[in-house]
**Student:** 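Before I ask anything, here is the structure I am working with.
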Amino acid sequence: MHTTLTKFLDRPASIVAPELLGCILEREINGHIMRVKIVETEAYDETDAASHSFNGRTQRNDTMYGKSGYLYVYFTYGMHYCCNVVTDKEGIGSAVLIRAVEPLEGVEYMNELRNRVGNELTNGPAKLCQALGIDRRLDGHDLSQLPFRLIVPSRDTPLRIVQTNRVGITKAKDVQWRFYIEANEYVSKP
DNA sequence: TGCCTGATGTTCT
DNA sequence: GAACATCAGGCAC
């Protein structure tokens, strides 16, 4: 694990989530390189009723309790994957859900994987997983290395970030742990 | 444009 | 057996 990345991610999810906005994800699959920018995130931790880690460590959420800088992928609604970046110290069940990304490179191959175009390509957690070819085989993957890598760019101009309540959940809806880049067309609808 | 619903597997009660 | 951090398609307006 890359030490700079560890230092960046080794903090509470609610702190890391807004700072992940604007970061780059690089995915390599079948020789294709795809690069996307994170534009929407949500924080989850064990104090949070909507989090997978709220009811303690289980086989499914084990990755969330591991070291920061790894990928937590889970399967939901019978047909969708969602991906999270594990944050905070080992033993703490916290992660940041990647809700939307903006394609930068390899858009053609994303289109091929998802059979959609435009902002419908990656403007939702399950959509971006499909576009980037992410499934449970990547659960627990080290995000400092390909085939799926997180790159934290040096920040030049501050981003315009909006903080709201989370969406698509039934518990703890009023917790303001959703963050997105203002006026970005790839941010999910609600 | 917007609500409703079906699809469908895994996890936990 | 129910809930689920979802999406896409259908149909009404």
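Chain letters run A, B, ... following the sequence lines, proteins first, then strands; residues in each count from 1.
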**Student:** Let me spell it out: for each of A/R136 and A/M79, pick the nucleotide of DNA chain B with the closest heavy atom. Which residue's pick is nearer the 5' end?
**Tutor:**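 Closer to the 5' end of DNA chain B: A/M79.
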**Student:** What is the distance, to the nearest angstrom, from the CZ atom on A/F75 to the C1' atom on C/dC4?
**Tutor:**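 After rounding, the reported distance stands at 12 Å.
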**Student:** Contact boundaries of DNA chain B with chain A (under 4.0 Å, heavy atoms), 5' to 3'?
**Tutor:**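 Using the under 4.0 Å cut-off, the span is B/dA7 to B/dC12.
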**Student:** Roughly how far apart are A/D62 CG and A/M64 CE, rounded to 0.5 Å?
**Tutor:**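 Spacing of CG (A/D62) from CE (A/M64) equals 11.0 Å.
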**Student:** Expressed in angstrom and rounded to an integer, what is the separation of A/Y81 atom OH from C/dC7 atom P?
**Tutor:**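 Taking OH of A/Y81 and P of C/dC7, I get 15 Å after rounding.
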**Student:** So what is the 5' to 3' dot-bracket string for DNA chain B, if pairs are Watson-Crick or G-U wobble with both distances under 3.5 Å, crossing pairs use [ ] and | means the partner sits on another strand?
**Tutor:** |||||||.||||.
**Student:** Hey, could you give me the SG/NZ distance between A/C23 and A/K37, rounded to the nearest 0.5 Å?
**Tutor:**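 Separation between the atoms: 10.5 Å.
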**Student:** In whole angstrom, give the distance that lies between atom NE2 of A/H80 and atom P of C/dA5.
**Tutor:**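 Spelled out: NE2 on A/H80 to P on C/dA5 is 13 Å.
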**Student:** What distance separates A/E102 CD from A/E40 CD, expressed to the nearest 0.5 Å?
**Tutor:**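 The CD atom of A/E102 sits 13.0 Å away from the CD atom of A/E40.
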**Student:** Do A/D45 and A/S51 meet the criterion of a side-chain donor-acceptor pair at a distance under 3.5 Å?
**Tutor:**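 A/S51 and A/D45 do not have a side-chain donor-acceptor pair below 3.5 Å.
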**Student:** To the nearest angstrom, how far is A/R166 atom CZ from C/dT6 atom C1'?
**Tutor:**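 Checked: the CZ to C1' distance equals 16 Å.
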**Student:** Could you tell me how far apart A/R60 (CZ) and C/dA3 (C1') are, to the nearest whole angstrom?
**Tutor:**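 For the pair A/R60 CZ and C/dA3 C1', the rounded distance is 10 Å.
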**Student:** Short of 4.0 Å, heavy atom to strand atom, which residues of residues 41-52 of chain A count as contacting DNA chain C?
**Tutor:**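 Correct list: A/Y44, A/A50, A/H52.
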**Student:** Report the residue from A/N111, A/V101, A/V36 that forms a side chain to side chain contact (heavy atoms under 4.5 Å, CB included) with A/L121.
**Tutor:**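 It is A/N111, the one option of A/N111, A/V101, A/V36 that forms the side chain to side chain contact (heavy atoms under 4.5 Å, CB included) with A/L121.
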**Student:** Under the side chain to side chain contact (heavy atoms under 4.5 Å, CB included) test, which residues partner A/D139, sequence neighbours left out?
**Tutor:**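 A/D139: side chain to side chain contact (heavy atoms under 4.5 Å, CB included) contacts with A/T63, A/Y72, A/V73.
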**Student:** Hey, what's the ring geometry for A/Y81 with A/F75, parallel, tilted or perpendicular (30° and 60° as the breaks)?
**Tutor:**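 Rings of A/Y81 and A/F75: perpendicular, as their planes differ by over 60°.
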**Student:** Can you tell me how far NZ of A/K127 sits from CG of A/L113, rounded to the nearest 0.5 angstrom?
**Tutor:**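 Between A/L113 CG and A/K127 NZ, I get 16.0 Å after rounding to 0.5 Å.
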**Student:** NA contact type, A/N55, heavy-atom cut-off 4.0 Å: base, sugar-phosphate, or nothing?
**Tutor:**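 If one applies the 4.0 Å heavy-atom cut-off, A/N55 turns out to touch nothing in the nucleic acid.
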**Student:** Under the criterion side chain to side chain contact (heavy atoms under 4.5 Å, CB included), which of A/I38, A/I151, A/V152 is the partner of A/I24?
**Tutor:**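 The residue from A/I38, A/I151, A/V152 that satisfies side chain to side chain contact (heavy atoms under 4.5 Å, CB included) with A/I24 turns out to be A/I151.
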**Student:** Please tell me whether A/F54 and A/V167 are part of a single hydrophobic cluster in this structure, the criterion being side-chain heavy atoms less than 4.5 Å apart.
**Tutor:**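 Result: no, two separate clusters.
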**Student:** Would one find a side-chain N or O of A/R99 under 4.0 angstrom from OP1 or OP2 of C/dC7?
**Tutor:**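 No, because none of the side-chain N or O atoms of A/R99 sits under 4.0 Å from OP1 or OP2 of C/dC7.
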**Student:** How many Å lie between OH on A/Y74 and P on C/dA3, as a whole number?
**Tutor:**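 Rounded to the whole Å, the gap is 18 Å.
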**Student:** Rounded to the nearest 0.5 Å, how far apart are CD1 of A/I161 and CD1 of A/I181?
**Tutor:**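 The CD1 atom of A/I181 is 7.0 Å from CD1 of A/I161, to the nearest 0.5 Å.
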**Student:** To the nearest Å, how far apart are A/K173 NZ and C/dC4 P?
**Tutor:**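 In whole Å, C/dC4 P lies 10 Å from A/K173 NZ.
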**Student:** Specify the separation, in whole Å, of atom CG of A/L121 and atom C1' of C/dA8.
**Tutor:**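 Value for this atom pair: 15 Å.
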**Student:** Heavy atoms within less than 4.0 Å of DNA chain C: which residues of residues 126-133 of chain A have one? Give them sorted by number.
**Tutor:**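 The answer is A/A126, A/K127.
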**Student:** Pick base, sugar-phosphate or nothing for A/K171, based on heavy-atom distances below 4.0 Å to the nucleic acid.
**Tutor:**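 Here A/K171 touches the backbone only, sparing every base.
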**Student:** Measure the spacing between OG1 of A/T164 and CZ of A/F179 and express it to the nearest 0.5 Å.
**Tutor:**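 The distance works out to 8.5 Å.
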**Student:** Quick one: which of A/I98, A/L138, A/L150, A/N84 gives a side chain to side chain contact (heavy atoms under 4.5 Å, CB included) with A/L71?
**Tutor:**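 The residue from A/I98, A/L138, A/L150, A/N84 that satisfies side chain to side chain contact (heavy atoms under 4.5 Å, CB included) with A/L71 turns out to be A/L138.
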**Student:** Does A/R60 have any salt bridge (Lys or Arg N to Asp or Glu O under 4.0 Å) partners at least two apart in sequence or in another chain, and if so, which?
**Tutor:**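 By the salt bridge (Lys or Arg N to Asp or Glu O under 4.0 Å) rule, A/R60 matches no residue at all.
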